[in-house]
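A short write-up of the structure that comes next.
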Amino acid sequence: MIQHLDIPRPDDWHLHLRDGAMLQGILPETARDFARAIIMPNLVPPVVTAEQAAAYRDRILAALPEGADFQPLMTLYLTEDTDPADVAAAAASGLVKAVKLYPAGATTNSHSGVRNFDRVMPVLEKMAEIGLPLCTHGEVTTAEVDIFDREAVFIDTILDPLRRRLPGLRVVMEHITTEEGVAYAAEGGDNLGATITTHHLIINRNHILVGGIKPHYYCLPVAKREKHRLALRRAATSGNPRYFLGTDSAPHIDALKEHACGCAGCFTATNTMPLLAHIFEEEGALDRLSAFASENGPAFYRLPVNQARMQLVRQDAPTTFPEKIETGAGPVTVFNPGFPIHWSVKR
Ligand code: DOR
Ligand code: ZN
């Protein structure tokens with residue numbers, strides 16, 4: 001049995017860091033294990049301009065613990081007023097690595113998102129020209145579409161038409177949750193990638209709803225049926241360069257998760273790498289963890305693989321993780337897989 005793994009230091013290609021006291025409290029959880037992360041721009045108000053992204057990056061860097069080896073990769077929040085020249089300048093300076101598309105109303109703080117795609121075509125055309133990826137929250141928001149179907153309907157009615165209209169646009173399907181998402185990404189060619197979260201490899205919708213509602217398992221896109229979770233596991237552990245890790249670790253304080261209208265988001269920054277080692281071991285794919293967590297993402301983003309290394313070790317005693325991270329904004333519950341994990345990151 002493999003007891004030890006040595007991989008390039010991983011990156012997180014989809015992360016929510018928030019701001020202020022929450023940022024300060026949760027940033028060390030990511031910076032401990034990850035060299036880089038694509039930082040989601042859904043603050044209140046959202047990060048829309050290059051100037052706002054530069055200021056947010058500075059706040060992140062200021063919140064880093066002493067000696068941390070972590071680089072935030074900034075994104076801009078696409079609105080119908082986004083200026084193509086501002087995006088191009090932010091990309092040329094190296095500040096911004098992607099633009100995020102939230103269909104209006106899809107999730108936390110997405111009301112400034114896109115309603116009419118014709119209005120963002122000039123930005124998307126500029127992005128295609130310069131090779132800047134569009135990260136998509138792939139769910140339609142139409143009231144009549146069932147929440148469990150929203151990803152598949154997004155692929156058919158928005159993503160595929162958009163990619164046909166603009167084949168040069170580089171797209172990341174963020175946090176795919178369905179076999180339809182897995183299949184579409186597999187066929188997409190070099191201009192298409194897909195991130196997969198840790199929690200969608202572990203939970204299906206029963207985990208959220210059977211035996212009492214579990215607010216800490218509620219996120220968007222919501223976890224689907226078991227067959228979809230299995231498709232995600234096959235994709236993540238396949239080594240296929242289209243798929244890479246984006247945790248979508250999304251902290252909310254407990255008071256807002258355990259609430260009559262609970263917020264969406266699972267907080268996995270603290271224990272993602274041990275959880276992934278467990279999953280890849282179960283799938284007989286430990287030799288492909290490096291592709292998923294450390295190599296495929298940089299290849300898509302045209303960045304070097306990290307020089308630093310991470311060691312993961314398997315031990316007989318279960319690893320203990322904190323139940324909560326205490327932040328100045330309040331406690332944040334760490335994702336609990338519901339089974340013992342025997343892997344840990346060697347410090
Ligand atoms: O579960 C989620 N939480 N999904 C998202 O798309 C947004 C995120 C958040 O910002 O809390
Ligand atoms: Zn997200």
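Position 1 is the first residue of the sequence; numbering continues from there. As the structure lists them, so they are numbered: ligands from 1, and atoms in each ligand from 1.
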Region of H137 engaging ligand 1 - heavy atom pairs below 4.0 Å: side chain
Return yes or no for this condition: an N or O of P221 is under 3.5 Å from an N or O of ligand 1. no
Could you pull out the closest heavy-atom pair between W13 and G297, with the gap in Å? NE1-CA, 3.5 Å
Tell me whether R18 reaches ligand 1 (any heavy atom closer than 4.0 angstrom to a ligand atom). yes
Under the side chain to side chain contact (heavy atoms under 4.5 Å, CB included) test, which residues partner N204, sequence neighbours left out? N206, H207, E226
Looking at N42, which atoms of ligand 1 are within less than 4.0 Å of one of its heavy atoms? 9 (C), 10 (O)
Atoms of ligand 1, numbered as shown, that sit under 4.0 Å from any heavy atom of A250: 3 (N), 8 (C), 9 (C), 11 (O)
Taking non-hydrogen atoms only, is A264 closer than 4.0 angstrom to ligand 1 via side chain, backbone, both or neither? both
Checking K224 against T177: is there a side-chain donor and acceptor pair closer than 3.5 Å? yes
Ignoring hydrogens, what is the shortest heavy-atom contact between M310 and D33? Give both atom names and the distance. CE-O, 3.4 Å
Give the atoms of ligand 1, by number and element, whose distance to some non-hydrogen atom of D248 is under 4.0 Å. 4 (N)
Closest contact, heavy atoms only, L220 versus D248: O-OD2, 3.7 Å
May I ask you to check whether W343 and E281 show a side-chain donor-acceptor distance below 3.5 Å? yes
Heavy-atom contact under 4.0 Å between H252 and ligand 1? yes
Can you see whether E174 engages H137 through a side-chain donor-acceptor pair at a distance of less than 3.5 angstrom? no
R18-H252 side chain donor-acceptor pair, cut-off 3.5 Å: yes
Under the ring-ring contact (aromatic ring centres under 6.0 Å, His included) rule, what do F335 and Y217 come out as? Steps first, then yes or no, please. CA-CA 8 Å; F335 178 78; Y217 288 162; 5.4 Å; yes
Side chains of T247 and D12 only: does a donor on one sit below 3.5 Å from an acceptor on the other? yes
Residue L220 vicinity, atoms of ligand 1 by number, heavy atom under 4.0 Å: 1 (O), 2 (C), 4 (N), 5 (C), 6 (O)
Atoms in ligand 1 flagged as close to C219, the criterion being non-hydrogen separation under 4.0 Å: 1 (O)
Do Y243 and N296 pair up side chain to side chain, a donor and an acceptor below 3.5 Å, judged on atom types alone? no
Counting only protein N/O/S atoms, those under 2.8 Å from the Zn ion (ligand 2) total 3
Side chain, backbone, both or neither: which part of K100 comes within less than 4.0 Å of ligand 1 when only heavy atoms are counted? neither
